Amino acid sequence: MAGHVGTDNDLTGDGVDNGSGEHMARAARRDEAVRAAVEQGLLGPDRPIVGLLDVTGIRESAAELRAAFDAVTAPGTPVLHAFAVKATPLVPVVRLLREAGIGAEVASPGELALARAAGVRPEMTVLDSPAKTPAELREALALGIAVNADNPQELDRIDALMRSATSRSPLGIRVNPQVGGGSIGATSTATATSKFGVALRDEGAREWIVRAYADRPWLTRLHAHTGSQGIPLSLMAQGAAETYALAEEINRSIGRRQIDTVDIGGGLPVNFGSDATAPTYAQYARLLSEAVPGLFDGRYGLVTEFGRSLLAKHGTVVARVEYAKSAGGRSVAVTHAGVQVATRTVYVPGSWPLRIAAYDAKGRPKEGPEVVQDIAGPACFSGDLLAEGRALPLLEQGDYAAALDTGAYYFAHHYAYNSLARPGIHGFAPDGGGGVAFATVRTPQTTAEIVAESGGAHADGLTTL
């Protein structure tokens, strides 16, 4: 295995991975892919950074998700697993998941366009966003895409659209069960003051929700999402239980089973401290079935919206060490991966630490005694560090530093500081002959594209005023 150090960042507090063979195989595939990327010219002096996606691992995660919920739901229960496109907004990734039976959860016109380009059918698509425009709602209803209204004003807009046209879109309301937050405030969506959904415990809110369903027979879904990284499984289960209880209350009050589907969101946290998958989909599904058995007895269809947990473990950002230096007695490896690909990690390292693996100039796992060192990025500010004070085999000029577990969000949140280019991304899989085959997912951004995005076509725009 490549030389690396764990982050000791247990954000889940729930279980360990029992599939040690699986995560060891995943690490071995990653090592082979880095070596092959160097040998095949995807990495080198003129291509100093690349993103790699493990196609085998992505398929395995999709299969594990489906199997986990199939094991606890009554036979014949309609279940849609919709990938949160925000996590890895790449058309080939969404297409790969579509082929694995996973739909798409989108939160903007751009994400909807990506899902459609990937061939995701409307009935496999869910639109969630706290700021949908009338045009976005009109498009979704015309296509037959499921929509969860975030607030009373949005529901008023949907009312007007439903009066002027018919739609086959499944429609619901998003609620905030207000069960509390986890260890990362920015990813906790069920706090008392969260911006998402109708705050269920606010005065008069529960009564308003029941009345909204009673007045609108076409409202047939109920949606909630408790949060993602840093949220313990027990809190996620509590959020699902509160949502189920509300669905039962609404149906009893109306006197019919109007709500037929419950969308429990996603948010399964990821273990960034090792190659282990913890918690697993199977653990979460079992916990939910024990905490909310009525949700799985066949009376309700089910929608999930997982993102990070499907992709994180299957992505790696690999960057060449351009220079190796020392400062204040500490070794510093200056690489081409920093704030532009790992924005959260650079600005909030305590909440978003990454493991780093060391590879030599030929892409082989680096050997040798561990040395405490910093892994620095290319941006022009001192805090641009992928990792600080990490014990790794000493990285030297021409070696490679790999940021692990970066398949989700790290390929999504490009930050154009210093006009740094978006790196190319390649998927990899065994080639059938003992080697590694690569497929282009996204080409590297060119300097011409950077100029175009930065107003190059309007260079004289301000001088003419």
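Because the structure is predicted, anything quoted here is derived from the model rather than measured.
For the residue pair Ser274/Asn271, the side-chain donor-acceptor check at 3.5 Å is satisfied. At a cut-off of 3.5 Å, with distance as the only test, no side-chain donor of His23 or Thr277 sits close to an acceptor on the other residue. Side-chain atoms of Tyr284 and Ser309 form no donor-acceptor pair, as typed in the model, at a separation below 3.5 Å. Between the side chains of His81 and Thr304, at least one donor N or O sits under 3.5 Å from an acceptor N or O.
Tyr409 carries Arg344 over the face of its six-membered ring, with the cationic atom under 6.0 Å from the centre and within 45° of the normal.
Salt bridge annotation for Arg26-Asp275: absent, with no cationic side-chain nitrogen under 4.0 angstrom from a carboxylate oxygen. Here Glu154 does not pair with Arg174 in a salt bridge; the nearest charged N to carboxylate O distance is not below 4.0 Å.
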Hey, mind stepping through His426 and Leu42 against side chain to side chain contact (heavy atoms under 4.5 Å, CB included) and telling me if it holds? CA-CA 9 Å; His426 298 267; Leu42 299 180; 3.8 Å; yes

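For the pair Leu246 and Arg206, the tightest heavy-atom approach, listed with the atom from each and the gap, is CA-NH2, 3.8 Å. When every heavy atom of Gly294 is checked against every heavy atom of Tyr300, the shortest pair comes out as O-CD1, 4.1 Å. Here the closest heavy-atom approach between residue Ile254 and residue Gln258 is recorded as CD1-OE1, 3.6 Å. Smallest separation of non-hydrogen atoms from Ile264 and Leu295: CG2-CD2, 3.9 Å. Among all heavy-atom pairs drawn from Leu420 and Ile450, the shortest one is C-CD1, 4.4 Å. Heavy-atom minimum distance, Pro349 versus Tyr347: CD-C, 3.4 Å.
Crowding of Arg299 atom CZ: a count of heavy atoms from other residues, nucleotides or ligands under 6.0 Å exceeding 12.
The one candidate from Glu111, Glu105, His413 that meets the side chain to side chain donor-acceptor pair (under 3.5 Å) condition with Lys86 is Glu105.
Note: Phe306 and Phe69 have tilted aromatic rings, judged against thresholds of 30 and 60 degrees for the angle between ring planes.
When atom types are taken as modelled, the side chain of Ser169 and the backbone of Ala140 share a donor-acceptor pair closer than 3.5 angstrom. Thr335 contributes no side-chain N or O that, together with a main-chain N or O of Arg320, makes up a donor-acceptor pair within less than 3.5 Å.
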